[in-house]
Amino acid sequence: MPRRILLATPRGYCAGVDRAVKTVEYALQTYGAPIYVRKQIVHNVYVVQRLETLGAVFVDTTEEVPPGATLIFSAHGIAPAVREEAATFRLRTIDATCPLVTKVHKEAARFAAEGYDILLIGHEGHEEVVGTMGEAPQHIHLVDGTDVAASIQVHDPNKVAWLAQTTLSVDETLATVTKLRERFPMLTDPPSDDICYATQNRQTAVKEIAARAQLVIVVGSANSSNSVRLVEVAREHGTAAAYLVDHANEIDESWLLEVSTIGVTSGASVPEELVQGVLVHLAKYGFEEVEDITPVTEHMIFSLPRELRHDLRNATHAHPATSE
Ligand code: SF4
């Protein structure tokens, strides 16, 4: 049986993750270790472990950070109260919140200022959702699943808007919005897509490979929302099985029995070397032919946080590179 791999593109790092990881790396170079990071900078266990070896210290709360130290806020965003708390502890802060998460925060703040009830579609307890809800806790209602739509109470059914976590399933979110609109016909849409370009593109690509593969392997961590969504989307679009693995060594040989075509992709927080490790591993089982499937191309880049750019420029001026 000829065996081959369909490799999805785009996959792996998005612009927001790339920016957040570089923020920690450059902060370590500029200020020296330790650099404190509130929560996992991105939801990938290998990225976090590598940054720890370079001198990053991951904490759950601002209180764990010594006064005067440098603290980076993760790509998932924070509630305004966290920023205020960091200021009272006299911390130097660098905000690595993805600009596309910040966009949702601003939408929430604006709708709240205009007196809307906001229905935030997202997963309870996810750091991004916690941060967004912190922008306007009195105005935001979490919608975690279509069932919730029936029970939500709002101040004025004619003044309701919906927003979404950036890493949800596009199709599921639209289904939830349809339910919400049945209940609130005057429901106002966000000014632009909240589900980010990277989430949408990775789901488009996984749909293509899932339709042509008997098995889909998604590389990503279990707490990565967009990675888990890729597994779900793959299962809904034709493949017989789809699994999430952090590393090639988690692939179970039994998954490969009777399989001739495997689709491979990775979540937005996954370094490419982990995907390459999966390809090397699968080649040992005869999956040597790799076909690239690229339904969408990406060119998005985000600049580093302003506060870091400023200090990087000063450091470069103080220690100019010399040439011989
Ligand atoms: Fe930003 Fe989207 Fe990447 Fe999240 S998945 S960091 S919102 S680009």
> If you measure only the distance, is there a donor-acceptor pair under 3.5 Å linking the side chains of Asn223 and Gln40?
Replying inline: yes
>> Is it the case that the side chain of Arg19 and the backbone of Ser303 share a donor-acceptor pair, with hydrogens and angles ignored and the cut-off at 3.5 Å?
In response: yes
>> Within the supplied structure, the quantity of interest is the number of heavy atoms (other residues, nucleotides, ligands) at a distance under 6.0 Å from Ile301 CD1; does it exceed 12?
In response: no
> Do Asp156 and Tyr116 have side-chain atoms, one donor and one acceptor, less than 3.5 Å apart?
Replying inline: no
>> Between Tyr46 and His247, does the ring pair (Phe, Tyr, Trp, His ring centres under 6.0 Å) criterion hold? Intermediate values first, please.
In response: CA-CA 9 Å; Tyr46 289 91; His247 191 274; 5.6 Å; yes
> Side-chain donor-acceptor pair under 3.5 Å between Ser221 and Asp246, yes or no?
Replying inline: yes
> Side chains of Lys103 and Ser192: is there a donor and an acceptor less than 3.5 Å apart?
Replying inline: yes
> Can the positive tip of Arg4 be found less than 6.0 Å from the middle of the six-membered ring of Phe287, inside 45° of the ring normal?
Replying inline: no
> Can you tell me if Thr61 and Glu64 form a side-chain donor-acceptor pair at under 3.5 Å?
Replying inline: yes
>> Evaluate Asp60 against Lys39 for salt bridge (charged side-chain N to carboxylate O under 4.0 Å, His left out), listing each step before the verdict.
In response: CA-CA 5 Å; Asp60 271 328; Lys39 308 285 183 186; 3.7 Å; yes
> Arg212 and Ile293: which non-hydrogen atoms are nearest, and at how many Å?
Replying inline: NH1-CD1, 3.4 Å
>> Let's go through Asp189 and Arg181 carefully: what are the C-alpha distance in whole Å and the side-chain angles of both, what is the deciding distance for side-chain contact (heavy atoms from CB on, under 4.5 Å) to 0.1 Å, and is it a yes or a no?
In response: CA-CA 10 Å; Asp189 295 324; Arg181 210 179 292 286; 2.7 Å; yes
> Should Arg110 and Glu107 count as an ion pair when the cut-off is N to O under 4.0 Å?
Replying inline: no
> What is the ring orientation for His76 with His126, classed by angle as parallel under 30°, tilted 30 to 60°, or perpendicular over 60°?
Replying inline: perpendicular
>> Between Lys207 and Asp171, is the salt bridge (charged side-chain N to carboxylate O under 4.0 Å, His left out) condition met? List the steps.
In response: CA-CA 12 Å; Lys207 283 178 188 175; Asp171 298 337; 3.1 Å; yes
